[in-house]
Amino acid sequence: MDLSKLKSFIVVAEELNFRKSAEILGMSQPPLTRLISSLEEELSTKLFERTTRQVHLTGAGIFLLKEGKEIIARAENLEREVRSIGKLKAGKLNIGFSTTSFLANLPQIIGEFQNRFPKLIFQLHQETRIRILKGLRSGQFDVCFMEGSVSEEGLESHSVHDEGLGVLVPKKHPLAKRKEIELRELKDETIILHPKKEAGKFYDTISQLFKQSDIKPKIYVKNDRESCPILVATGKGVSLTVLGAQNIAPSETQFVPIKRLYLPVSVFWSPENKNPLLRTFLSFVIESDSFKNKKAECLMDVMRL
């Protein structure tokens with residue numbers, strides 16, 4: 001359907017007067033009448049009931065008026081955004097991210113975007129989940145990347161990557177030689193976790209996952225000065241982590257995937273944020289779903305299994 005025809009139809013539908021509508025559209029009445037007739041023929045339905053005295057919308061006409069106004073509004077908004085992006089020569093975006101999201105292809109996403117917009121400035125902030133959400137609400141961050149989901153009023157999100165979940169074990173550990181393991185094989189291990197105040201829902205989900213799998217492992221909660229990979233390397237326990245962690249893990253450790261489990265990483269933002277660069281960045285990130293590699297069971301959905 002031609003947008004110019006749709007715009008003309010909306011004027012006639014609101015005025016219910018062909019003569020007046022023609023004046024508004026800057027054309028004579030006969031061409032407008034032919035335009036509406038061609039639109040009705042194109043749609044194979046009558047949009048107006050016409051008499052010598054009155055013009056009324058049909059049911060189809062009423063529906064098209066409502067939907068058509070929304071389509072025109074979206075098209076005009078799209079045009080404004082495209083023009084704005086075309087004029088985008090400089091700008092700054094503050095990005096908050098968790099360690100997990102950084103390991104799960106975040107550098108690749110940002111790198112590809114910067115290649116397209118080399119003059120734009122990115123300021124990256126690695127923070128805990130609590131600080132990321134606080135910074136997003138306060139406007140300190142324009143956009144954030146974190147694992148899992150957030151049920152918080154005023155924030156929107158979109159899943160951008162599903163990262164394989166596994167366990168980091170010492171190089172000499174019996175499981176280190178395996179290509180992949182079942183979760184239940186960790187039942188006798190000491191699991192290294194971040195404090196609950198830092199991990200939030202992830203901590204709860206891990207606990208629930210072990211409970212549903214009838215596993216009661218020993219837990220080692222690290223302190224602020226300790227590093228999970230170093231703790232693993234020194235034999236304090238094993239650490240649940242994502243596939244990307246193997247690229248920075250100590251040589252004394254080995255990453256082993258856990259069958260059928262993945263951790264979703266999402267981008268979060270506030271729809272109230274007016275930074276013109278944000279909309280462009282989000283469009284790029286959301287369209288870059290080639291980063292996805294979904295597996296069988298989402299860790300964050302495990303409580304619904």
Side-chain angles (χ1 to χ4, degrees), residues 97-111 124 126 128-129 145-148 159-195 198-210 212-213 215-266 290-302:
F97 63 92
S98 66
T99 302
T100 299
S101 66
F102 183 83
L103 297 173
N105 279 355
L106 178 58
Q108 182 179 349
I109 295 174
I110 294 176
L124 304 179
Q126 184 174 0
T128 64
R129 189 178 185 87
F145 290 85
M146 294 186 298
E147 63 276 13
S159 178
V160 294
H161 186 73
D162 294 332
E163 186 75 354
L165 190 74
V167 61
L168 197 66
V169 300
K171 203 80 169 182
K172 295 182 179 180
H173 194 286
L175 295 178
K177 297 179 181 180
R178 299 277 296 281
K179 290 185 177 181
E180 60 179 6
I181 63 171
E182 298 281 354
L183 180 67
R184 63 174 178 269
E185 294 182 73
L186 300 178
K187 61 184 178 65
D188 297 322
E189 302 295 334
T190 296
I191 308 297
I192 301 169
L193 292 177
H194 286 247
E198 292 182 14
K201 186 178 177 181
F202 182 75
Y203 187 104
D204 294 335
T205 304
I206 290 293
S207 299
Q208 185 70 13
L209 179 61
F210 285 143
Q212 291 186 346
S213 302
I215 299 173
K216 297 180 179 179
K218 296 180 286 293
I219 301 296
Y220 179 99
V221 179
K222 80 174 200 69
N223 61 44
D224 293 339
R225 298 181 301 279
E226 292 178 319
S227 163
C228 289
I230 298 300
L231 289 172
V232 172
T234 54
K236 296 295 184 182
V238 301
S239 174
L240 293 173
T241 187
V242 293
L243 178 62
Q246 64 182 335
N247 298 322
I248 62 170
S251 58
E252 298 87 355
T253 65
Q254 178 68 40
F255 176 85
V256 184
I258 298 175
K259 290 182 181 179
R260 299 183 302 277
L261 280 184
Y262 71 91
L263 184 64
V265 174
S266 297
S290 58
F291 297 115
K292 278 198 169 189
N293 182 25
K294 230 168 207 185
K295 299 171 178 63
E297 295 176 11
C298 169
L299 180 65
M300 305 310 291
D301 288 341
V302 73

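Along the sequence shown, residues are numbered consecutively beginning with 1.
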Self-check item: Heavy-atom pair of closest approach, residues Phe255 and Gly164
Solution: CZ-O, 4.3 Å
Quiz item: Which heavy atom of Ala176 sits nearest a heavy atom of Pro170, and at what distance?
Solution: CB-O, 3.6 Å
So how far is it from [X] [atom1] to [Y] [atom2], rounded to the nearest 0.5 Å?
X: Leu261; Y: Glu180; atom1: CG; atom2: CD; value: 11.0 Å
X: Ile181; Y: Ile258; atom1: CD1; atom2: CD1; value: 5.0 Å
X: Lys177; Y: Lys172; atom1: NZ; atom2: NZ; value: 11.0 Å
X: Gln254; Y: Lys171; atom1: CD; atom2: NZ; value: 4.5 Å

Quiz prompt | Heavy-atom side-chain proximity of His173 to Glu189 below 4.5 angstrom | solution = yes
Quiz item: Below 4.5 Å, heavy atoms only, C-beta onward: do Leu186 and Leu240 meet side chain to side chain?
Solution: yes
Quiz item: Hey, which of Val221, Thr241, Leu168, Leu231 is the one that makes side-chain contact (heavy atoms from CB on, under 4.5 Å) with Ile192?
Solution: Leu231
Quiz item: Per the side-chain contact (heavy atoms from CB on, under 4.5 Å) rule, which among Val238, Val232, Leu183 passes with Val167?
Solution: Val238
Exercise. Name all residues meeting the side chain to side chain donor-acceptor pair (under 3.5 Å) criterion together with Gln126; count only those two or more places apart in sequence or in a different chain, and write none if there are none.
Key: Thr99
Quiz item: Glu185: what forms a salt bridge (Lys or Arg N to Asp or Glu O under 4.0 Å) with it, not counting sequence neighbours?
Solution: Arg178
Exercise. Show your reasoning for whether side-chain contact (heavy atoms from CB on, under 4.5 Å) applies to His194 and Cys228.
Key: CA-CA 8 Å; His194 286 247; Cys228 289; 3.6 Å; yes
Exercise. Please step through side-chain contact (heavy atoms from CB on, under 4.5 Å) for the pair Arg184 and Ile215, ending with a clear verdict.
Key: CA-CA 7 Å; Arg184 63 174 178 269; Ile215 299 173; 4.1 Å; yes
Quiz prompt | Arg260 and Glu182 ion-paired at < 4.0 Å | solution = yes
